[in-house]
A.B. asks: 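One structure is given below, represented as structure tokens, and several questions about it will come after.
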Amino acid sequence: MKLTGWILAGAAALSFSLPAFAQAPIVVKFSHVVAESTPKGQGALKFKEVAEKLLPGKVDVQVFPSSQLFGDGKEMEALLLGDVQFIAPSLSKFDRYTKKIQIFDLPFLFDDIAAVDRFQQSPEGLALFDEMKNRGLQGVAYWHNGMKQLSTNRDQLTRPEHTKGLKFRIQASDVLEAQFRALGANPQKMAFAEVYQALQTGVVDGQENTWSNIHSQKFHEVQKTIAVTNHGLVDYMVVTNLKWWEGLPADVREGLTKAMAEATAHANKLANDLNERDLKRIQEAGKAKIQELSAEDVAAWRKAMEPVWKKFEGDIGADLIKAAMSHNK
Ligand code: LMR
């Protein structure tokens with residue numbers, strides 16, 4: 001009897017003191033492929049700062065930039081395996097998980113980032129967060145980067161015919177593949193971390209990306225010409241592992257949701273400024289020539305890329321395309 005009493009008393013003491021010292025913070029790994037100086041890099045750091053402020057001692061947020069932990073090829077798989085808790089792939093990198101998100105790759109769909117933002121925050125845009133639940137993925141936020149520009153190792157890039165026969169690095173997206181085929185060019189899917197070297201060694205002749213990605217990866221140092229095409233979008237969906245997310249203590253999930261909202265506002269407010277800053281830096285560096293396009297030039301690019309829309313309309317859904325277009329002014 002006496003022994004049982006001791007055991008019970010001991011257990012009670014233990015259960016009182018456990019929460020005070022024995023609960024380790026939940027480790028939350030956030031992995032991405034770009035530099036810290038970019039909008040996504042800054043958003044991820046903000047998320048860490050706010051989450052750790054709101055949930056002191058309860059979470060340990062670890063951010064891994066520049067493909068340090070996982071590159072393009074591995075990050076989705078790692079998320080599903082629970083090796084990382086948040087990733088923010090570009091919207092071009094989801095087509096193995098859902099065809100609908102391909103909408104963001106349709107060339108010349110959006111007039112500008114403001115139109116992109118209106119669509120993302122609309123009921124149709126927000127519904128895409130839940131599109132991959134059956135695959136174990138939950139979207140939690142859209143983060144902006146900006147509009148894509150096109151670059152090559154050639155002197156002329158004002159017209160679509162200047163890309164004929166050239167090799168372009170693309171993200172893992174069938175829409176982008178079709179876009180370059182429509183131009184008569186040769187697309188090659190490749191992880192972001194490999195692009196600089198592929199451009200430098202001539203494995204590919206060109207690529208498409210935002211000013212902040214071009215500058216932070218030094219693509220302008222290994223390209224001759226960058227045309228201001230604004231023909232497409234690099235934006236992100238921050239995604240988490242659905243099972244992990246739903247299994248979190250409610251207060252932690254709530255704190256992380258708040259931190260994500262603050263990080264989203266921060267990244268999206270910065271995105272435009274960082275791209276403008278990096279455009280200036282590229283101009284100042286004087287390595288690649290920047291080619292402005294006339295309205296006629298832009299019309300020619302638009303026309304050349306038009307066949308892509310028809311090809312993917314069935315997969316994406318005509319209604320979704322119509323809904324997205326309604327957000328242009
Ligand atoms: C890419 O070209 O792969 C980029 O979209 C990378 C990124 O995440 O911005």
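We count ligands from 1, going down the list as the structure has it; atoms in each ligand are counted the same way. Atom set for the values below is all heavy atoms of this structure, side chains included, hydrogens, waters and symmetry mates excluded. FYI, the numbering just counts along the sequence from 1. What you are looking at is a predicted structure, and each value in this text was computed from that prediction instead of being measured.
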A.B. asks: Are the ring centres of Tyr142 and Phe129 closer than 6.0 Å?
C.D. replies: yes
A.B. asks: Show me, by chain and number, every protein residue that has a heavy-atom distance under 4.0 Å to ligand 1.
C.D. replies: Val33, Val34, Lys40, Ser90, Lys93, Arg169, Gln171, Phe192, Asn209, Asn213, Val234, Tyr236
A.B. asks: Testing Gln102, Gln179, Lys189 one by one against Asp174 for a side chain to side chain donor-acceptor pair (under 3.5 Å), which residue passes?
C.D. replies: Lys189
A.B. asks: Return yes if a side-chain donor-acceptor contact under 3.5 Å exists between Ser212 and Asn145, otherwise no.
C.D. replies: yes
A.B. asks: Would you say the side-chain atoms of Asn213 pair up with the backbone N or O of Lys148, donor to acceptor, closer than 3.5 Å?
C.D. replies: no
A.B. asks: Check for me, please, whether Leu128 and Val175 land in the same ILVMFWY cluster - side-chain distances under 4.5 Å, paths through other members count.
C.D. replies: yes
A.B. asks: How about Phe47 and Phe86: are their ring centroids closer than 6.0 Å?
C.D. replies: yes
